[in-house]
There are 2 protein chains.
Amino acid sequence: MMNAVQHIEGKESSATHGCYLTLRKMILTGALPPGQKLKIEQLRGLLNTGTSPVREALSLLTSDMLVERIDQRGFRAAPVGRANFEEILLLRCALEDTALRASLANADQPWEERLVLAHHHMKTAGKKGTADFEDAHKSFHMALLSNAGLPMLERYCAQLYDLNIRYRYLAADGPRYGERSIEAEHQSILDAALERDAETAVRVLLDHYRRTGEYLSPQIKN
Amino acid sequence: MMNAVQHIEGKESSATHGCYLTLRKMILTGALPPGQKLKIEQLRGLLNTGTSPVREALSLLTSDMLVERIDQRGFRAAPVGRANFEEILLLRCALEDTALRASLANADQPWEERLVLAHHHMKTAGKKGTADFEDAHKSFHMALLSNAGLPMLERYCAQLYDLNIRYRYLAADGPRYGERSIEAEHQSILDAALERDAETAVRVLLDHYRRTGEYLSPQIKN
DNA sequence: GTCTCCAAAAATATCGATATTAATTGACAC
DNA sequence: GTGTCAATTAATATCGATATTTTTGGAGAC
């Protein structure tokens with residue numbers, strides 16, 4: 001018998017994975033706010049499944065640093081704070097610097113094509129803030145790093161990307177980005193990557209992150 | 001009622017955490033060899049507990065990259081390979097560089113004292129290869145980074161430390177370290193750290209890792 | 001009022017059983 | 001022999017119930 005999650009998500013086979021994806025999205029978007037107690041029974045009802053998949057999904061989210069497990073007192077959504085945000089930014093810069101250089105060092109045509117395509121998808125996807133755009137945006141950034149042949153590093157970067165985007169959602173009610181052109185920044189990153197100019201690509205990419213950081217940081221309370 | 005794990009491990013409260021620690025050690029030391037299928041029922045018997053704690057522990061180990069989850073086919077100990085080993089080395093160098101510099105930038109007396117103590121414990125602990133020494137060795141390396149105020153980074157470094165030590169155990173039947181003096185290297189790292197000489201400390205630390213890497217890498221098949 | 005302590009309630013952690021899914025085996029056709 | 005398919009076996013994933021632990025709330029002492 002199919003349960004609700006499988007019905008909604010379609011392809012997904014296991015209840016655990018369905019819970020994982022749903023809970024993750026809820027935490028990332030702020031539907032489950034930082035610090036909130038995550039009661040098994042409540043989530044079990046919400047996700048229309050048993051306790052085991054919920055617990056297992058929460059365990060997995062623990063390692064994504066989106067959920068904290070408290071001794072024998074269950075789980076809660078990971079808290080946020082400026083120090084945490086700054087650390088995410090620092091780590092992203094350090095890791096993506098390494099990853100992008102490695103990716104560029106292995107640059108080849110198939111990768112270039114994947115990259116161009118990912119960029120195109122991002123441009124044609126819905127406006128900023130929509131789920132479509134966010135997916136495409138992540139795909140573009142991951143495509144940049146995807147040729148490094150360093151799967152663990154890519155995993156860390158993806159993890160940090162998600163942690164960072166969480167702060168974007170949390171600050172969604174703050175002031176808009178203003179005059180800054182995200183599109184132009186993406187274009188510059190793409191251009192430098194296609195020209196295999198590592199120095200420029202890294203500089204532009206990290207500037208992109210730091211600028212977003214400077215914009216978001218003051219909005220984070222604590 | 002107490003179960004076997006609690007009885008053995010003493011303090012540990014939850015069955016899940018007990019399973020986690022035991023399974024982790026077994027994978028790190030090679031008692032559960034790379035690639036091995038990890039059958040729930042078999043582990044449940046071995047750990048003298050139910051299926052839920054075993055599954056949850058395996059989920060947690062998945063995020064430590066010590067266990068792989070295969071679609072709907074259960075779990076297996078993460079495979080090993082030279083490429084993986086080299087990536088671990090690369091990431092350790094990149095991350096510990098950042099962490100050590102940050103730690104030194106915040107250097108203060110309490111930290112110095114913790115560091116000196118950790119080094120002393122390592123020297124007085126049992127000979128290399130014993131569990132005591134290995135614990136003290138990890139503590140010393142973590143103490144170096146512990147003043148950075150970057151908890152996520154420290155977590156990554158600890159994770160990578162464990163992944164690396166796994167290769168040491170796997171290569172334990174290979175040739176001995178030979179003439180190289182690990183103790184002298186540790187002393188140099190400590191000295192540079194206490195003098196707050198970041199450049200030297202980082203150089204010596206990374207040399208320490210790379211030397212171990214050069215020694216281990218050829219022994220890894222595949 | 002406020003503190004301590006004990007009982008009641010709620011939540012977690014764990015277990016054992018069932019349903020589901022994958023792997024295995026062997027019969028049969030070619 | 002070799003490959004395919006169905007029946008069997010084995011393992012996983014999930015459920016519902018129980019035991020354990022933590023939290024809550026309130027009575028009584030000071």
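We name chains A, B, ... by the order of the sequence lines, and we start the count at 1 in each one.
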Note, B:Pro34 side chain near B:Arg166 side chain (heavy atom, < 4.5 Å): yes
The criterion is ring-ring contact (aromatic ring centres under 6.0 Å, His included); which residues satisfy it with B:His119, sequence neighbours excluded? B:Phe140
Starting at atom CD of A:Gln42, determine the distance to atom P of C:dA11, rounded to an integer number of angstrom. 9 Å
Contact list please: residues 32-39 of chain B against DNA chain D, heavy atoms, distance less than 4.0 Å, in numerical order. B:Lys37, B:Leu38, B:Lys39
Between C:dT21, C:dA13, C:dC15, spot the one nearest the side chain of B:Pro53, thanks. C:dC15
Figure out the CG/P separation between B:Leu43 and D:dA13, and round it to whole Å. 13 Å
Which donor-acceptor pairs under 3.5 Å do the side chains of residues 148-157 of chain A make with protein atoms, sequence neighbours left out?
residue: A:Arg155; atom: NH2; partner: B:Thr62; partner atom: O; Å: 3.4
residue: A:Arg155; atom: NH2; partner: B:Ser63; partner atom: O; Å: 3.4
residue: A:Tyr156; atom: OH; partner: B:Gln159; partner atom: OE1; Å: 3.0

Among B:Asp64, B:Leu66, B:Val80, find the one that has a side chain to side chain contact (heavy atoms under 4.5 Å, CB included) with B:Leu163. B:Leu66
Please report, rounded to the nearest Å, how far the P atom of C:dA13 is from the CD atom of B:Glu56. 7 Å
Quick check: on DNA chain D, is the nucleotide nearest A:Thr16 upstream (toward 5') of the one nearest A:Arg73, or the reverse? Name the residue that is more 5'. A:Thr16
Do A:Arg69 and A:Phe75 meet the cation-pi criteria used here (NZ or CZ under 6.0 Å from the six-membered ring centre, within 45° of the axis)? no
Just the rounded figure in Å: distance from P of D:dA13 to CD1 of B:Ile70. 9 Å
No-hydrogen, no-angle side-chain donor-acceptor test under 3.5 Å, A:Ser217 and A:Glu86: yes
To the nearest Å, how far apart are A:Phe75 CZ and C:dA13 P? 6 Å
Start at the 5' end of DNA chain D and walk down; is the nucleotide closest to A:Arg44 or to B:Arg69 reached first? B:Arg69
Rounded distance in Å - NE2 (B:His17) to P (C:dT14): 11 Å
Whole angstroms only, please: what is the CD-P distance between A:Glu41 and D:dT18? 14 Å
Does D:dC15 have OP1 or OP2 sitting under 4.0 Å from an N or O in the side chain of A:Thr51? no
With a 4.0 Å limit, can you tell me whether A:Ser14 has a side-chain N or O closer than that to the phosphate oxygens OP1/OP2 of D:dT12? no
For the residue pair A:Asn164 and A:Tyr209, confirm or rule out a side-chain donor-acceptor distance under 3.5 Å. no
Taking OP1 and OP2 of C:dT12, is either one under 4.0 Å from a side-chain nitrogen or oxygen of A:Arg55? no
Using whole Å, report how far CD1 of A:Ile40 lies from C1' of C:dT14. 12 Å
